[in-house]
**Student:** 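What follows is a structure written as structure tokens; I'll ask about it next.
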Number of protein chains: 2
Amino acid sequence: MARARSSKKREDIFQAGLKLFSQHGYSKTTIKDVAEEAGVSFGTVFTYFETKDQLFHACVTEPLVEFREHIMEIRNRLETLTLQQLKQIIDQHVDMFFEKEREIRVIQYVIGQPERFQEMEELDSFANEFTQFIQDIVVIGMKKGFLPNSNPEEVGHGYLAFLMGARLTYTDHKNVQLTNGFKNQALRLFGIGV
Amino acid sequence: MARARSSKKREDIFQAGLKLFSQHGYSKTTIKDVAEEAGVSFGTVFTYFETKDQLFHACVTEPLVEFREHIMEIRNRLETLTLQQLKQIIDQHVDMFFEKEREIRVIQYVIGQPERFQEMEELDSFANEFTQFIQDIVVIGMKKGFLPNSNPEEVGHGYLAFLMGARLTYTDHKNVQLTNGFKNQALRLFGIGV
DNA sequence: AGTAATTGATTGATCAATCAATTATGAGGG
DNA sequence: CCCTCATAATTGATTGATCAATCAATTACT
């Protein structure tokens, strides 16, 4: 039986799985490798996760909780949004997508093979939530006049695509010039010239 | 020994590999499955591709030739570029990224696991070529006055990221409304409001 | 007839999952 | 503080399944 989520060892195994799955994909990651990386024995992995599948599923879905909180926190104070705050939000999003490299890589691994994985539904609803959040921002920005006339849906989808693609295509997360460029380009998707 | 590239059977096997690799990844695609999909026997696959690795490598890199031609063709008549033509080019890019779903999915599979694959170098140089092409467009557009002042490098990287992300994140290539939205958003990355 | 192409059974390697044996933990009693 | 014993956690050898690659036999081609 799988153990509680709070154990130190569970977290070690989870992090090891996250690292190796994000680097080598599902099949090229062996339980033996995960065990070594986590500093536990082969058998112990199965004490905390019943199957390799369940470990992988955990690596894909559990980080969504933190991502969601990160977005929701801002969603509450959306009525008083200013352009300055929007710029801050975009900065945070770009930074988050580059900092949470492993978490997003495994998500992209799943999204990239929709015929293979069922986790899709959870990820789909998260994506919908996110684009809805962006749409709300665009509507408020237009109402308040600090955003030009736009199709909010187009901005939402375009902005999510942009963040995903930036993370997928560019590995060098230490490159400040690059991330700054992405922040400028992200602003342009909202119709704000730089 | 692997056979010449011109055979009908080689093409069938190649297309079968492209389909299955793009859907299920490298390891979950078996030679048995490829053979069935291609309508040949297990052994025949090895007549045309020495190893599974080589078949995969072919699926990742061979489509680059056509992609490159597609870009180059336009690169020749770059000096006479107009805004109208730029809009056409963007339309073509978005359409291509959605039509060539399988080809781009396997490329994204490789890009997403840089620690695992060496094909990266070929893909890297292709990406550099592409972003350089976009940078040239931005420089000319600014000189001719139909593009606002921009950092060409930022636009190049942002535009590539955007196309990749759109392809990765959205599966429904029949959705004209969606692709039209992406075309509008892509224009915004060049500083053109919609 | 002679050469090239095709076939699929066989082999050997890999690896997830199981489980019996071992080790650690900690509660209760002296 | 130490000892006992029960329970929980840990371990890795074993098992069975999967699959890439080989190759001897068969078939097609010229």
Side-chain angles (χ1 to χ4, degrees), chain A residues 1-61 106 109-110 113 115-119, chain B residues 1-61 106 109-110 113 115-119:
Chain A
M1 195 53 179
R3 288 288 165 282
R5 281 197 180 186
S6 52
S7 155
K8 160 84 165 64
K9 268 186 187 163
R10 187 193 190 277
E11 180 63 18
D12 289 346
I13 295 165
F14 176 87
Q15 290 298 333
L18 192 60
K19 174 179 178 181
L20 297 177
F21 285 135
S22 70
Q23 288 181 343
H24 304 115
Y26 180 83
S27 301
K28 291 283 177 190
T29 297
T30 67
I31 297 294
K32 182 171 164 288
D33 293 340
V34 171
E36 272 171 28
E37 177 74 29
V40 301
S41 78
F42 179 86
T44 296
V45 174
F46 291 97
T47 303
Y48 293 90
F49 298 91
E50 285 184 52
T51 63
K52 184 185 177 185
D53 253 350
Q54 285 194 17
L55 172 58
F56 182 74
H57 189 269
C59 290
V60 174
T61 57
V106 293
Y109 182 85
V110 169
Q113 299 170 78
E115 296 87 354
R116 176 176 171 188
F117 293 105
Q118 301 77 32
E119 282 92 344
Chain B
M1 194 52 177
R3 289 285 166 283
R5 283 195 179 189
S6 52
S7 154
K8 160 85 163 67
K9 266 185 189 164
R10 185 192 191 277
E11 180 63 18
D12 289 346
I13 294 165
F14 176 87
Q15 289 297 335
L18 192 60
K19 174 179 177 181
L20 297 178
F21 285 136
S22 71
Q23 288 181 343
H24 305 115
Y26 180 82
S27 301
K28 290 285 178 189
T29 297
T30 67
I31 297 293
K32 183 171 164 288
D33 292 340
V34 171
E36 272 171 28
E37 178 74 29
V40 301
S41 77
F42 179 86
T44 296
V45 174
F46 292 96
T47 303
Y48 294 89
F49 298 90
E50 286 184 52
T51 62
K52 184 185 176 185
D53 253 349
Q54 286 194 16
L55 172 59
F56 182 74
H57 189 270
C59 291
V60 174
T61 58
V106 293
Y109 182 85
V110 170
Q113 300 171 75
E115 294 88 355
R116 176 176 172 190
F117 294 105
Q118 301 78 30
E119 282 92 343

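Proteins get letters first, then strands, A, B, ... in listed order; numbering begins at 1 in each. Just so you know, these numbers use all the heavy atoms, side chains as well, and skip hydrogens, waters and symmetry mates.
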**Student:** Using the test ring pair (Phe, Tyr, Trp, His ring centres under 6.0 Å), find all partners of F14(A) that sit at least two apart in sequence or belong to another chain.
**Tutor:** none
**Student:** If the condition is side chain to side chain contact (heavy atoms under 4.5 Å, CB included), which residues does T51(B) pass it with, not counting sequence neighbours?
**Tutor:** D53(B), Q54(B)
**Student:** For dG12(D), take OP1 and OP2 only and decide whether either is under 4.0 Å from a side-chain N or O of K32(A).
**Tutor:** no
**Student:** Measure the distance from NZ on K8(A) to P on dT25(C) and round it to the nearest whole Å.
**Tutor:** 14 Å
**Student:** Set out, in order, the CA-CA distance, both residues' side-chain angles and the distance that settles side-chain contact (heavy atoms from CB on, under 4.5 Å) for V60(A) and Y109(A), then state yes or no.
**Tutor:** CA-CA 9 Å; V60(A) 174; Y109(A) 182 85; over 6 Å; no
**Student:** According to a strict under-4.0 Å criterion, is Y48(A) in side-chain N/O contact with OP1 or OP2 of dA9(D)?
**Tutor:** no
**Student:** Base, backbone or nothing for each nucleotide of nucleotides 21-30 of chain D, written B, S, -, heavy atoms under 4.0 angstrom, 5' to 3'?
**Tutor:** BB--------
**Student:** Return the nearest nucleotide to the side chain of T30(B); candidates are dT6(C), dG12(D), dC19(D).
**Tutor:** dC19(D)
**Student:** By side chain to side chain contact (heavy atoms under 4.5 Å, CB included), which residues pair with H57(B), not counting sequence neighbours?
**Tutor:** T61(B), E119(B), E122(B)
**Student:** Distance check needed: dT11(D) C1' versus E36(A) CD, whole Å only.
**Tutor:** 14 Å
**Student:** Rounded off to whole Å, could you give me the NE2-to-P distance for the H24(A) and dC15(C) pair?
**Tutor:** 12 Å
**Student:** Going by the rule side-chain hydrogen bond (donor to acceptor under 3.5 Å, both in side chains), which residues pair with S27(B) if we only count those two or more places apart in sequence or in a different chain?
**Tutor:** none
**Student:** Counting only side-chain N and O atoms of K9(A), is one of them less than 4.0 Å from OP1 or OP2 of dT10(D)?
**Tutor:** yes
**Student:** Sequence neighbours excluded, which residues qualify as salt bridge (charged side-chain N to carboxylate O under 4.0 Å, His left out) partners of E36(A)?
**Tutor:** K32(A)
**Student:** Please work out if T29(A) contacts a base, only the sugar-phosphate, or nothing of the nucleic acid, heavy-atom cut-off 4.0 Å.
**Tutor:** sugar-phosphate
